[in-house]
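Worksheet: the structure to be examined is printed underneath.
Naming: A, B, ... by sequence-line order, numbering from 1 per chain.
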Amino acid sequence: MKKLINDPDEVVSDALRGMDAAHDDLRVDHDLKIIYRAQPKAAGKVGLVSGGGSGHEPLHGGFVGPGMLDAACAGEVFTSPVPDQMMAATAAVDTGAGVLHIVKNYTGDIMNFEMAAELAGDDVRVETVITNDDVAVTDSLYTAGRRGVGVTVLLEKIAGAAAEEGQDLDAVAAVANKVNDGGRSMGLALTSCVVPSAGSPTFQLEDDEYELGIGIHGEPGRQRLEMAPAAELAERLVAPILEDRSFDNVIAFVNGMGGSPLLELYLMYGEVRRLLDDAGIRVARSLVGNYITSLEMAGCSVTLLEVDDDLLRLWDAPVSTPGLRWGA
Amino acid sequence: MKKLINDPDEVVSDALRGMDAAHDDLRVDHDLKIIYRAQPKAAGKVGLVSGGGSGHEPLHGGFVGPGMLDAACAGEVFTSPVPDQMMAATAAVDTGAGVLHIVKNYTGDIMNFEMAAELAGDDVRVETVITNDDVAVTDSLYTAGRRGVGVTVLLEKIAGAAAEEGQDLDAVAAVANKVNDGGRSMGLALTSCVVPSAGSPTFQLEDDEYELGIGIHGEPGRQRLEMAPAAELAERLVAPILEDRSFDNVIAFVNGMGGSPLLELYLMYGEVRRLLDDAGIRVARSLVGNYITSLEMAGCSVTLLEVDDDLLRLWDAPVSTPGLRWGA
Amino acid sequence: MASTEVTRTDLEDWMARFGSAVLANRDHLTALDSAIGDADHGGNMARGMNAVAEALGTLDPDAAIGAMFRTVGMTLVSKVGGASGPLYGTFFIRFGGDAADAANLDGASLAEALDAGVQGVVARGKAQAGDKTMVDAMLPAMTAMRAALDDGATVAEATAAAAAGAVEGRDATVPMVARKGRASYLGERSAGHLDPGAASTCLLFEALAESLGSHG
Amino acid sequence: MASTEVTRTDLEDWMARFGSAVLANRDHLTALDSAIGDADHGGNMARGMNAVAEALGTLDPDAAIGAMFRTVGMTLVSKVGGASGPLYGTFFIRFGGDAADAANLDGASLAEALDAGVQGVVARGKAQAGDKTMVDAMLPAMTAMRAALDDGATVAEATAAAAAGAVEGRDATVPMVARKGRASYLGERSAGHLDPGAASTCLLFEALAESLGSHG
Ligand SMILES: Nc1ncnc2c1ncn2[C@@H]1O[C@H](COP(=O)(O)OP(=O)(O)O)[C@@H](O)[C@H]1O
Ligand SMILES: Nc1ncnc2c1ncn2[C@@H]1O[C@H](COP(=O)(O)OP(=O)(O)O)[C@@H](O)[C@H]1O
Ligand SMILES: [Mg+2]
Ligand SMILES: [Mg+2]
Ligand SMILES: [Mg+2]
Ligand SMILES: [Mg+2]
């Protein structure tokens, strides 16, 4: 393993030190590994707390700031954070209007957020939205259910805008659920990644293979296939999404897993766009880049989110975070 | 080679198709591979044209937009663009106030921009700034001179702001030269990268080695060293910069080479920051992320830029490009 | 012949042995989790048991068994994260809740406390037998321990039986197709691999049997 | 015995042979550039010579040698980029400029045109002998060709001498420490590798010698 790190067990704390130093508009609780806005939101507005394992940067800490999250709880690499973090973050960001928890659907994340809610009691009104947009998981009866992946980014932006405009907790939770309901994702990997504390790649792929249907934790996918040109890869990602739900007018999001050059992500976006054009789907907005990653994994995912005027307005609203910023 | 591409010889055109589709505020001349603002700048303002080999994304195309470049000429991967591109871009963006060419110091880039100027004649007033901030190249008498690396990003932002506020060509060129004079960079690689048309890694590094003093073209560096913790790597990058020039108040920029997770870049930033604190150098602004890359190379570079109030004001001015965006 | 009573000291020894076993098997647990998960189970358990050792080191020496295991459980909940943090955390919290103020346990009350822990894991994770999780090591362990106690076994014999049951249950996870946790995303590809959580559960029951090996 | 005159057809054959040689050596040139550069010299030259073939295919068949090589040079300038595009582009533009309206060349005027090309490369790139560039193949090629012509050699003999000189010059780049172009960044580490541009220059002179191999 070669990484820009010191002690593998201290990667997250060391990185948070750098993140704190780099961003004056963030405040980091280093003991609890929570990233907050330096300038808390105005009283009476709903707070947004998310969190998850580290290694997906900029998600979630890079999405803390005006127009998006109020706090992000950072777990160890690929390990969900612990209830203490969510309890502290929830108490800290509540301005009286309640707090939305944004949780990606993984057993560990679900259980730790759940325990946080149980342990917190009734001091703060909490609603939870669980993202589960990954169409690679086809059988939700005999699995832990679909994973939360790319839609989480779009949801944090859109729900953040709803909270910022002063919508109440029920309304913010409703818009969040609407985003999750209207979003679908599918990913592939060309390489595995190396969890620092493990020290070697989580899986091995031959030079002529790729993994289809991966999540964001370096875990193998549903299927190992022979490497193919971008046009075919795009089809492998888009087809199952379109089979799962019909789309009319979308935000189209090509996300890098962390190790693929931006040049290739744009190239994939061109292929995805061609497929959407062929399917008669209008693209209202686009997002291309590394937003929800799996350390240095090479590969990408495609997320489509059906949008109406309301969601588009919230998407276009100003946002000012290290990872996503416009209009401000 | 496994990449998200179709034909290796069509990577740049295919990626530009995706970039065009993803960004409504950009216009792409696909024949000449030039990225323009969709909305040209107001008459009377200086135009900024840059360009270089592809594979460094978001540089340069991702820096086209209000507050930064007017046009970027995309060469083949790691190959400078051709004079026809620079001639066309220069003619297109000139509003009568002249055009600044921003050129990274590489033999190919210099010669192609030079030929463009020779072939263009006197229709448009052109000034050229050449970035050469790479302290890894110690001997400029017996080399092609220092390479243009990280400073190019900062320069395009700052000179772009100067042009946007209506400074004339001489003033914009002067501020650009001031940035280049006040900036220094040093980079390292943990892995090589794969040029698509070559198909295999440009160099091989063992699992316990890194290359110190690399550029941005996947070329080997000056020295191959035994892998070390981030704290030591940071020192290897910062020390030669501080030996080369004294710094007082800086923009500190940790740039990813494309294949290192953002988590690690933040971690490196924390280490760099510690060294700057120790050296009594104030950090006025920070930038951490993948801005001038070398395809999927793992590694990073550090750039320090000495700033005064004038440069800071220009740095803070609104910018709205795919790669760098704030205040707008 | 040694005491039939299980003391707090015995249970501290259990935790110490489990902690050592986790550290010794850290890479092994991570390797198992690499095959069908996300390569962190060894690191998670090691981080947790290191924190437990620290917490127990500063615990009031007069604390009852219940309080002691509430500390163990809360420490795991607070330090581990992932799936295993809440699951093992809940296991020990419920174990402690059942043991409550008891100063010592006998075979029956030990089995009852363990059962409470296992039921906590099932309630928290909603896994059933055959889902390829730690539950597949826990349930056979408890079945074996109950059967031994019903046959009049000593505490040492009963916990040895539990450990053997856990090992059997762990090995039986190999052909299973996972239906819970991360491994479930692999579908059929999860078959052929041993479940990492079942492996750490074996270490737990083996440590218990070792700690109580001389108990009548 | 064949003509002593070098015709436009001969020079078209030169370009065709050079193009084929570049395509056949594409991977080799890239491999050389991987060692001390950025792994694109083969791709650059191939892209350029493919474009040249296309441009010559549509060129006015009555165009003079000068116009023909201006097209070759401008095509390389327009399609290659990098260091080699302007350098080989300038080479051919100057070659054409020297040949101008001539319908045919003899040995002396061919050498003069080649010399003009080489001087163009030197003017553009400012490399000196020993800097480990294509110039290190070009200069010995021209020295050898001049010496042969001075000794009364035929065009065939003179261009064969030029090719041999280029090969010698190319091989002499191996121990050199690069002082120009990308390889110069490697400092001492550039020694021990053959310069890719010197290798492509050999192909150029070898192609010329082959095209004119039967000329008196
Ligand atoms: N719903 C569940 N019920 C019981 N055990 C589970 C459940 N989900 C996962 N596990 C256990 O947790 C283990 C994985 O733990 P760990 O790797 O530490 O957490 P994570 O899966 O979050 O990375 C699995 O091997 C399995 O035994
Ligand atoms: N200043 C120069 N003068 C002459 N030749 C040069 C000079 N710089 C580079 N070269 C030649 O160009 C070759 C590299 O060409 P190429 O790889 O196509 O371009 P780039 O270096 O821009 O990637 C070198 O091997 C060398 O022979
Ligand atoms: Mg995990
Ligand atoms: Mg090049
Ligand atoms: Mg795991
Ligand atoms: Mg090259």
Side-chain angles (χ1 to χ4, degrees), chain A residues 8-9 32 51-53 55 73 75-85 106-116 119 134 136-147 192-204 213-224 294, chain C residues 26-27 29-48 50-51 73-90 93 121 123-128 130-133 177-190 193 197:
Chain A
D9 288 335
L32 281 174
C73 305
E76 293 301 313
V77 172
F78 295 166
T79 302
S80 82
V82 299
D84 307 42
Q85 293 173 275
Y106 299 96
T107 305
D109 294 66
I110 296 283
M111 291 194 299
N112 282 283
F113 269 90
E114 232 172 56
M115 289 193 91
L119 293 165
D134 182 10
V137 181
T138 45
D139 188 342
S140 29
L141 204 59
Y142 294 116
T143 65
R146 289 184 165 179
R147 296 171 286 211
S192 181
C193 57
V194 179
V195 177
S197 68
S200 53
T202 305
F203 60 89
Q204 291 289 355
I214 49 134
I216 53 169
H217 297 87
E219 67 272 48
R222 299 280 302 198
Q223 235 184 322
R224 190 159 289 194
S294 191
Chain C
R26 178 185 168 143
D27 290 349
L29 295 175
T30 290
L32 293 174
D33 199 28
S34 296
I36 56 171
D38 59 349
D40 63 358
H41 190 55
N44 287 346
M45 295 303 295
R47 187 170 62 256
N50 279 333
M74 286 307 296
T75 301
L76 292 176
V77 168
S78 295
K79 295 294 175 190
V80 176
S84 47
L87 291 169
Y88 279 113
T90 299
I93 293 170
V121 170
R124 173 69 57 206
K126 302 187 185 62
Q128 301 179 337
D131 284 354
K132 195 178 182 110
T133 71
V177 173
R179 295 181 178 181
K180 280 280 181 284
R182 250 177 236 299
S184 69
Y185 303 131
L186 289 176
E188 300 290 335
R189 288 174 80 186
S190 64
H193 299 278

Considering only heavy atoms and a distance below 4.5 Å, find which of Thr107(A), Val195(A), Asn112(A), Asp84(A) pairs most often with chain C.
-> Asn112(A)
Is a side-chain donor or acceptor of Asp33(C) paired with a backbone partner of Leu29(C) at a separation under 3.5 angstrom?
-> no
Check Pro81(A) against Cys73(A) and note the closest heavy-atom contact, atom names and distance.
-> CG-O, 3.7 Å
Short question: side chain of Ser190(C), backbone of Ala178(C) - any donor-acceptor pair under 3.5 Å?
-> yes
Below 4.5 Å from any heavy atom of chain A, which atoms of Ala183(C) appear? Answer side chain, backbone, both or neither.
-> neither
Is there a donor-acceptor pair closer than 3.5 Å between any side-chain N or O of Arg26(C) and the backbone N or O of Gly42(C)?
-> no
Give the minimum heavy-atom separation between Asp40(C) and Phe78(A), together with the two atoms involved.
-> OD2-O, 3.1 Å
Tyr106(A) versus chain C, the contacting section by heavy-atom distance below 4.5 Å | both
Ranked by heavy-atom pairs below 4.5 Å to chain A, first place among Gly37(C), Ser84(C), Gly43(C) goes to Gly37(C)
Could you have a look at Ala46(C), Ala31(C), Gly181(C), Gly187(C) and say which one has the most heavy-atom pairs with chain A under 4.5 angstrom?
-> Gly181(C)
Proximity breakdown for Arg124(C) and chain A, heavy-atom pairs closer than 4.5 Å = both
Below 4.5 Å from any heavy atom of chain C, which atoms of Gln85(A) appear? Answer side chain, backbone, both or neither.
-> neither
Counting heavy-atom pairs under 4.5 angstrom with chain A, the leader among Ala35(C), Gly85(C), Ser34(C) is Ser34(C)
Rounded to the nearest 0.5 Å, how far apart are CZ of Arg189(C) and CD of Gln223(A)?
-> 8.5 Å
Turns out that what part of Val80(C) lies under 4.5 Å from chain A's heavy atoms comes down to backbone
Option that, when pairs with chain A are counted at under 4.5 Å, heavy atom only, ranks first among Val77(C), Leu186(C), Asn44(C), Asp131(C) | Val77(C)
Give a yes or no answer on whether the side chain of Ser78(C) reaches the backbone of Thr75(C) with a donor-acceptor pair at less than 3.5 Å.
-> no
With a 4.5 angstrom heavy-atom cut-off, which part of Thr90(C) approaches chain A: side chain, backbone, both or neither?
-> side chain
Is a side-chain N or O of Ser184(C) found less than 3.5 angstrom from the main chain of Thr143(A), in a donor-acceptor match?
-> no
Out of Ala127(C), Gly125(C), Gly82(C), Ala83(C), which one racks up the most heavy-atom pairs below 4.5 Å with chain A?
-> Gly82(C)
With a 4.5 angstrom heavy-atom cut-off, could you sort out which part of Asp134(A) is near chain C: side chain, backbone, both or neither?
-> neither
Counting N and O atoms only, with roles assigned by atom type, does the side chain of Thr202(A) sit under 3.5 Å from a partner on the main chain of Ala39(C), one being a donor and the other an acceptor?
-> no
Distance-only, no hydrogens or angles: does the Arg47(C) side chain make a donor-acceptor pair with backbone N or O of Lys79(C) under 3.5 Å?
-> yes
Top residue by heavy-atom pair count (under 4.5 Å) with chain A, among Asp38(C), Val177(C), Ile36(C)?
-> Asp38(C)
One option among Gly75(A), Gly53(A), Ala198(A), Gly221(A) has the most heavy-atom pairs under 4.5 Å with chain C, and it is Gly221(A)
